2 protein chains.
Amino acid sequence: MSMMHDIPTLLRSHDLRLTPQRLTVAGLVLSKQAHVTARGVYQQLKDDHPALSMNTVYLTLGQFEACGLLQRFEMNGNAVFDSNTARHDHASCSRCATIIDLPGEEDEPPWIPASLLDWQIQSEQRIWTGLCPACRTDSDSAQLSD
Amino acid sequence: MSMMHDIPTLLRSHDLRLTPQRLTVAGLVLSKQAHVTARGVYQQLKDDHPALSMNTVYLTLGQFEACGLLQRFEMNGNAVFDSNTARHDHASCSRCATIIDLPGEEDEPPWIPASLLDWQIQSEQRIWTGLCPACRTDSDSAQLSD
DNA sequence: TTCTTAAATAGTAAAGATTCCTAACAGGAG
DNA sequence: CTCCTGTTAGGAATCTTTACTATTTAAGAA
């Protein structure tokens, strides 16, 4: 996300026409740090914007990813789009499915294992899975009844 | 994979009945270091074993995972089962979809970021994506025609 | 060996995510 | 204003995975 551009300028700079649908989706996914799925975007917008189809959501998110405006990763078999395009990792709760960003290791240089020296690495993804603080507590007390 | 048990013994030790289907799937996925998908297993076995359904493949792989005989991870939206159950990372070619194991960092202790200290971490997954050596070469020459 | 029972299986249906297809539509340059 | 091309909605299609159910069967007991 860029502080120096409003959304129309940002889209125009990537040769994307300023359609109402695109502006709507952009307003949602580029304006705050969040992890969204195609379905999530559609659900949040469809009431206020009946002229919006799942198809367009998929296309738009894909275009934003191609432009580098969003970062895409897979979580539990679903595509998740992240407006935080800086290098960072994720953690996901295996119980409530919450996803959080982990602060990037700016001090730790992008490290590539020696066995990949003859590859042309494009990206790295790291995901920790476990119980978030809230679910860990719930799980502890649930053990009495389970 | 255990060197000290044959497959029937291994299955029995996990309270799994020795059905032909289960033995067949086990023979394929537990006998060599490989990454398989449910569909891949089914495709490889269905000709020689007509009495095998996708459903059974899914169930069997799921049971093997529950027993700790296989490790499961997601790649490109598909479930992948790995007979290498030791802690290790993966790299995947974005062009030919090949998946390779990266030698585990036995020297590097399981590292958990400070922001997850109040989580109960269950697993960590790290995936590098890029062009494998073969595809990188193909891609270089393809640029002339693309 | 035969019996018994719970586990396992095949087949089908269903659910959910994503892509494909196509005709209609509309942004924006000229 | 007009035209061209990118964009969109809607529906169909594809693919993966899970759910359901009647039937079969492994394996221990008699």
Side-chain angles (χ1 to χ4, degrees), chain A residues 7-29 35-67 69-70 72-81 97 99, chain B residues 7-29 35-67 69-70 72-81 97 99:
Chain A
I7 284 180
T9 308
L10 187 60
L11 296 186
R12 247 192 280 263
S13 74
H14 289 284
D15 291 318
L16 296 174
R17 286 188 187 173
L18 302 186
T19 70
Q21 293 90 337
R22 195 169 279 158
L23 287 166
T24 300
V25 173
L28 178 65
V29 303
H35 308 100
V36 297
T37 61
R39 174 149 305 275
V41 170
Y42 180 70
Q43 294 292 342
Q44 288 182 66
L45 297 177
K46 66 170 182 175
D47 289 335
D48 289 340
H49 305 271
L52 179 69
S53 67
M54 272 297 282
N55 202 344
T56 298
V57 173
Y58 274 106
L59 282 168
T60 306
L61 293 178
Q63 287 167 329
F64 288 176
E65 183 206 359
C67 293
L69 298 174
L70 292 177
R72 177 189 183 137
F73 61 95
E74 303 278 338
M75 183 72 79
N76 304 322
N78 284 22
V80 178
F81 294 87
I99 301 173
Chain B
I7 284 179
T9 308
L10 188 61
L11 297 186
R12 247 192 280 264
S13 74
H14 288 284
D15 291 317
L16 295 174
R17 287 188 186 172
L18 302 186
T19 70
Q21 293 90 338
R22 194 170 280 157
L23 287 166
T24 300
V25 173
L28 178 65
V29 303
H35 308 100
V36 297
T37 61
R39 174 148 306 275
V41 169
Y42 180 69
Q43 295 291 342
Q44 289 182 67
L45 296 178
K46 66 171 181 174
D47 289 336
D48 289 339
H49 305 270
L52 179 68
S53 67
M54 271 297 283
N55 202 343
T56 298
V57 173
Y58 274 106
L59 281 169
T60 305
L61 293 178
Q63 286 167 330
F64 288 176
E65 183 207 359
C67 293
L69 298 174
L70 292 177
R72 177 189 182 136
F73 61 97
E74 303 279 337
M75 183 73 79
N76 304 322
N78 283 21
V80 179
F81 294 86
I99 300 174

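Computation of the quantities below employed the complete heavy-atom set of this structure, encompassing side-chain atoms and omitting hydrogens, waters and symmetry-equivalent molecules. Below, chains carry the letters A, B, ... as their sequence lines are ordered, and counting in each starts from 1. Model, not experiment: these values are computed from the prediction.
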B:Leu52 atom CG is separated from C:dA10 atom C1', nearest whole Å, by 10 Å
Whole-Å distance, B:Asp15 CG to C:dA8 P, equals 10 Å
Between protein and nucleic acid, restricted to nucleotides 27-30 of chain D and to nitrogen or oxygen atoms under 3.5 Å apart, what atom pairs and distances do you find?
residue: D:dA27; atom: OP1; partner: B:Leu18; partner atom: N; Å: 2.8

Candidate pair B:Phe81 and B:Val41, rule side chain to side chain contact (heavy atoms under 4.5 Å, CB included), full reasoning: CA-CA 10 Å; B:Phe81 294 86; B:Val41 169; over 6 Å; no
Notebook entry, point to check: Is any side-chain N or O of A:Arg39 closer than 4.0 Å to OP1 or OP2 of C:dG16?
Noted result: no
note: A:Met75, atom CE; C:dT18, atom P; distance rounded to Å ~ 14 Å
Residue pairs meeting side-chain hydrogen bond (donor to acceptor under 3.5 Å, both in side chains), one or both in residues 49-65 of chain B, sequence neighbours left out, come to B:Arg22-B:Gln63, B:Ser53-B:Thr56
**Message:** Looking at A:Arg22, I'd like to know whether one of its side-chain N or O atoms comes within less than 4.0 Å of OP1 or OP2 on D:dT8.
**Reply:** yes
For A:Ala79 and A:Arg72, the nearest pair of non-hydrogen atoms, with its separation, is CB-NH2, 3.5 Å
Taken in chain and number order and not counting sequence neighbours, the residues that satisfy salt bridge (charged side-chain N to carboxylate O under 4.0 Å, His left out) with A:Arg12 are none
Tightest non-hydrogen contact, residues B:Tyr42 and B:Leu52, listed as CE1-O, 3.2 Å
Closest non-hydrogen contact found for A:Ala26 with A:Leu11 is CB-CD1, 4.3 Å
Whole-Å distance, A:Leu11 CG to D:dT7 C1', equals 13 Å
Between NZ of A:Lys46 and P of D:dA9 the distance, given in whole Å, is 14 Å
When rounded to the nearest 0.5 Å, the distance separating CG of B:Leu10 from CG of B:Leu18 is 10.5 Å
Winner on side-chain proximity to B:Asn55, out of D:dT16, C:dT12, C:dA17, is C:dT12
Sorted by position of nearest nucleotide on DNA chain C, 5' first, the leading residue of B:Gln21 and A:Val80 is B:Gln21
Separation of C:dC21 atom C1' from A:Met54 atom CE, nearest Å, is 17 Å
When B:Glu74 and A:Thr56 are each assigned the nearest nucleotide of DNA chain D, the 5'-most assignment goes to A:Thr56
Rounded to whole Å, CG of B:Leu59 lies from P of D:dT25 at a distance of 17 Å
Mind checking A:Gln63 for me? I need base, sugar-phosphate or nothing, with any heavy atom below 4.0 Å counting as a touch. sugar-phosphate
- request: Ignoring backbone atoms, establish whether B:Tyr58 has a side-chain N or O less than 4.0 Å from OP1 or OP2 of D:dT17.
  value: yes
A:Asn78 CG to C:dA15 P, in whole Å, measures 17 Å
